Amino acid sequence: MSNTAEINVGGKAIELPVIEGSENEQAIDISKLRGQSGIITIDPGFKNTGSTTSAITFLDGEKGILRYRGYSIEELAEKSNFLEVSYLLIYGHLPSNEEYNNFVETITKHTLVHEDVKKILEGFPSAAHPMGVLSSLVCAQTAFYPESLDPNRSSDEVDLSIIRLIAKMPTFAAWSYKNQIGHPVNYPDNKQSYAANFLKMMFANPAEDYEVDPVVADALDKLLILHADHEQNCSTSTVRVVGSSHASMYASISAGINALWGPLHGGANQAVIEMLENIKADGGDTKKWMAKAKDKDDPFRLMGFGHRVYKNFDPRAKIIKKAADDVLTKLGVSDPVLDIAKGLEEEALNDPYFVERKLYPNVDFYSGIIYRALGIPTDMFTVMFAMGRLPGWIAQWKEMRENKEPIGRPRQVYTGSKERSYVSMSER
C-alpha cells in the first residue's frame, strides 16, 4: 500500500500520510488536514478515529485476539496473576523476580488509607451508589497527597502515586460496599493475596471467622486480569483526555470510573443478572425467551451474548467460563437465577441461530454469574470492573504523559443559528 492517501476537496488534492502499526493496522493521519484545507472530519462516537498510538494493548475483534504488551490474554490468565499483569501493563515488561517482589511488597505497605477517609465515607448515605462513592474516594486522594497535583513530578513520585492507588483501590471498593449495607469497615489483611484481601474486607464479619476460599480468590484474580485493559474504550479515552490537561492521576482515574459507570459501558454484567431475574419472575422458561431474542419484531435483547468489538468470539469468555464452572461447583450454590443462566448458555451454544451469528456468551455473562455466586450485589459489579481496569487506566495515563501528547480538544461542525441581533425582552 502507498504510504500516502489522497482526498479531493473542491478540486484541490490533499495528500495525507498513512501510518502502520506493529500488527499491520493502517491509519490515515489527518492531524494536519485542517491546517492544509480548512476542513475537519466528522466521526460521531469516534468509531473510525484513532486518538493516539499506543504500545499497551492489541485487540483484533474479527479474529478474537486480545494481547497485553504482546502477551496473549489466554497465556497471562493461565500463568500469571493480577499484580504481575499490572506491572506488565504499567511498565511495559514482565518483572524480574526482584522487581515483582519489590512491587508486591511496596503495594502491601500502602493498603491502609488515611483515617480521615472514613469521615468522607460516613458522609455518604447508605443509598449512595458504590460507584459514586468509589469515584469520590479516589479523587479525594489529591487532598491527602497534594504533591500529586504537580504535573512535573519526578518518575519516582509518579510511581509512588501508582503504588498508592493500586494498593488502596480494593480498600475503597470494599468500603463502598460496607457503606451501602451499613456495616463497619474492615481493614486490609496484608497476609492475604490481592484478591483474597479484597474478599476478606468485603465479607468478613466480626461475629464469625472468615476464610477466603482459594478457588474463589483465583477466579476473582482471573477476572481482574481479563478486565485489566481493553484498548481505547470510553473510560480509557476519558482517562487520557482528562490526563491530557495535566490533571492528576487520581482525578483522571476518577473520571474514568465515572465513564465506566454508564450502563452502556461497565454495566453490562449487571444487565445480565437483571435479565435473568426478569426471566425468573416470568416463570423461568428459557426456550420462550430464546424465541423472543430471535424474533426481530420483539424488543427483547439477550444480554451477555455477542460483543460490539469481538465479531467472532470473546477470548476472555473462554477463560472465565471455566472459572465460573469451578466457582459454582466449589460453592455448591443453589440459585434458580444461575440455573437459568446455565440453561441459556447451553441453548445458545447449540442453537444454529446463535452459532451462525457468533452470538456466544461473552465475559460479561460469565462475570455476572461469578459475582452473583459470590453474593456480590449487582450494583457492585461495576466497582469490580473498575478494580480490574485500574492498571490499564494507569498505563494509558502514564503513556499519554510520557509521550507528551497534546491536550484533547475535538472539533465540531456548528449547526445552530447564524448571527442575529439581540431583541430586548419588552419587544419579544
Side-chain angles (χ1 to χ4, degrees), residues 41-49 59-66 73 223 226-227 230-237 259-321 324-325 328 335-373 378-379 381-382 385 415:
T41 59
I42 286 287
D43 182 19
F46 312 111
K47 302 295 186 184
N48 303 288
T49 299
L59 190 161
D60 187 326
E62 280 69 32
K63 296 180 180 177
I65 294 172
L66 177 61
I73 191 66
L223 264 175
L226 299 182
H227 282 127
H230 210 235
E231 202 220 38
Q232 302 305 314
N233 51 76
C234 176
S235 58
T236 298
S237 297
L260 185 71
W261 191 355
L264 293 184
H265 189 9
N269 49 18
Q270 180 173 341
V272 169
I273 297 300
E274 290 169 349
M275 174 194 71
L276 296 173
E277 290 276 13
N278 289 336
I279 295 174
K280 175 193 170 190
D282 185 63
D285 185 351
T286 56
K287 293 186 183 301
K288 169 187 172 180
W289 288 85
M290 293 294 275
K292 286 169 65 67
K294 291 187 284 187
D295 183 354
K296 67 179 189 303
D297 296 323
D298 193 309
F300 172 72
R301 293 292 176 267
L302 198 60
M303 305 303 296
F305 289 78
H307 197 281
R308 66 168 54 93
V309 173
Y310 296 110
K311 306 307 179 187
N312 190 342
F313 63 90
D314 184 341
R316 302 168 299 172
K318 289 186 173 182
I319 300 164
I320 206 60
K321 171 177 165 51
D325 291 339
L328 293 178
D335 184 341
V337 168
L338 297 181
D339 292 339
I340 291 170
K342 299 297 285 183
L344 287 178
E345 175 198 29
E346 183 177 352
E347 290 190 36
L349 291 176
N350 293 284
D351 189 315
Y353 178 91
F354 291 93
V355 174
E356 290 168 8
R357 289 165 176 76
K358 297 181 171 61
L359 296 176
Y360 304 113
N362 59 36
V363 70
D364 297 312
F365 182 80
Y366 292 114
S367 62
I369 289 175
I370 290 176
Y371 294 150
R372 170 88 178 193
T378 53
D379 56 6
F381 286 8
T382 320
F385 195 154
T415 59

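What you see is a predicted model; the values in this text were computed from it and never measured.
Below 30°, between 30° and 60°, or above 60°: for W289 and F300 the angle between ring planes is above 60°, a perpendicular geometry.
Comment: D314 engages R316 in a salt bridge, judged by a side-chain N to carboxylate O separation of less than 4.0 angstrom. Under 4.0 Å is where a charged nitrogen must lie from a carboxylate oxygen, and between K321 and D325 at least one such pair does.
The two atoms that bring D364 and S367 nearest to each other are O-OG, 3.2 Å, heavy atoms only. Minimum heavy-atom separation, I73 to I319: O-CD1, 3.8 Å. Closest non-hydrogen pair, F365 versus M303, comes out as CD1-O, 4.3 Å. Listed here is the closest heavy atom pair of S235 and A259: CA-CB, 3.7 Å. Across every non-hydrogen atom of A317 and P361, the tightest pair is CB-O, 3.3 Å. Nearest heavy atoms, I273 versus G368: CD1-O, 3.4 Å.
In this view, K280 and E277, P336, V337, I340 satisfy the side-chain contact (heavy atoms from CB on, under 4.5 Å) rule, not counting sequence neighbours. Checked against salt bridge (Lys or Arg N to Asp or Glu O under 4.0 Å), D297 has no partners two or more places apart in sequence or in another chain.
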Test log, rule side-chain contact (heavy atoms from CB on, under 4.5 Å), inputs F305 and N362: CA-CA 5 Å; F305 289 78; N362 59 36; 5.7 Å; no

Q270/T382 under side-chain contact (heavy atoms from CB on, under 4.5 Å): CA gap, chis, key distance, verdict: CA-CA 8 Å; Q270 180 173 341; T382 320; 4.1 Å; yes

side-chain contact (heavy atoms from CB on, under 4.5 Å) evaluation trace for L276 with L344: CA-CA 9 Å; L276 296 173; L344 287 178; 3.6 Å; yes

Test log, rule side-chain contact (heavy atoms from CB on, under 4.5 Å), inputs Y366 and L223: CA-CA 10 Å; Y366 292 114; L223 264 175; over 6 Å; no

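Of the possible donor and acceptor atoms, none in the side chain of T236 sits under 3.5 Å from a partner among the backbone N and O of Q232. Checking side-chain atoms of N233 against main-chain N and O of E231 turns up a donor-acceptor pair under 3.5 Å. At least one donor-acceptor pair closer than 3.5 Å links the side chain of D43 to the backbone N or O of K47.
The 12-atom threshold is not exceeded at NZ of K287, counting heavy atoms of other residues, nucleotides or ligands nearer than 6.0 Å. Environment of NZ in K292: crowded, with over 12 heavy atoms of neighbouring residues, nucleotides or ligands closer than 6.0 Å. By the neighbour-count criterion of 12 heavy atoms within 6.0 Å, atom CD of E346 is sparsely surrounded, having that number or fewer from other residues, nucleotides or ligands.
A distance of 10.0 Å separates CD in E274 from CG in N269, rounded to the nearest 0.5 Å. Interatomic distance, F385 CZ to Y371 OH, rounded to the nearest 0.5 Å: 8.5 Å. Taking CD of E345 as the reference point, atom CD1 of I369 lies at 6.5 Å (rounded to 0.5 Å).
Between I279 and K288 there is no side-chain heavy-atom pair separated by less than 4.5 Å.
The aromatic ring centres of Y310 and H230 sit less than 6.0 Å apart.
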For residues 352-359, which side-chain donor-acceptor pairs fall under 3.5 Å, sequence neighbours excluded?
unit_1: R357; atom_1: NH1; unit_2: Y353; atom_2: O; d: 3.2

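For the 3.5 Å distance criterion, the side chains of E347 and T286 qualify, holding a donor opposite an acceptor.
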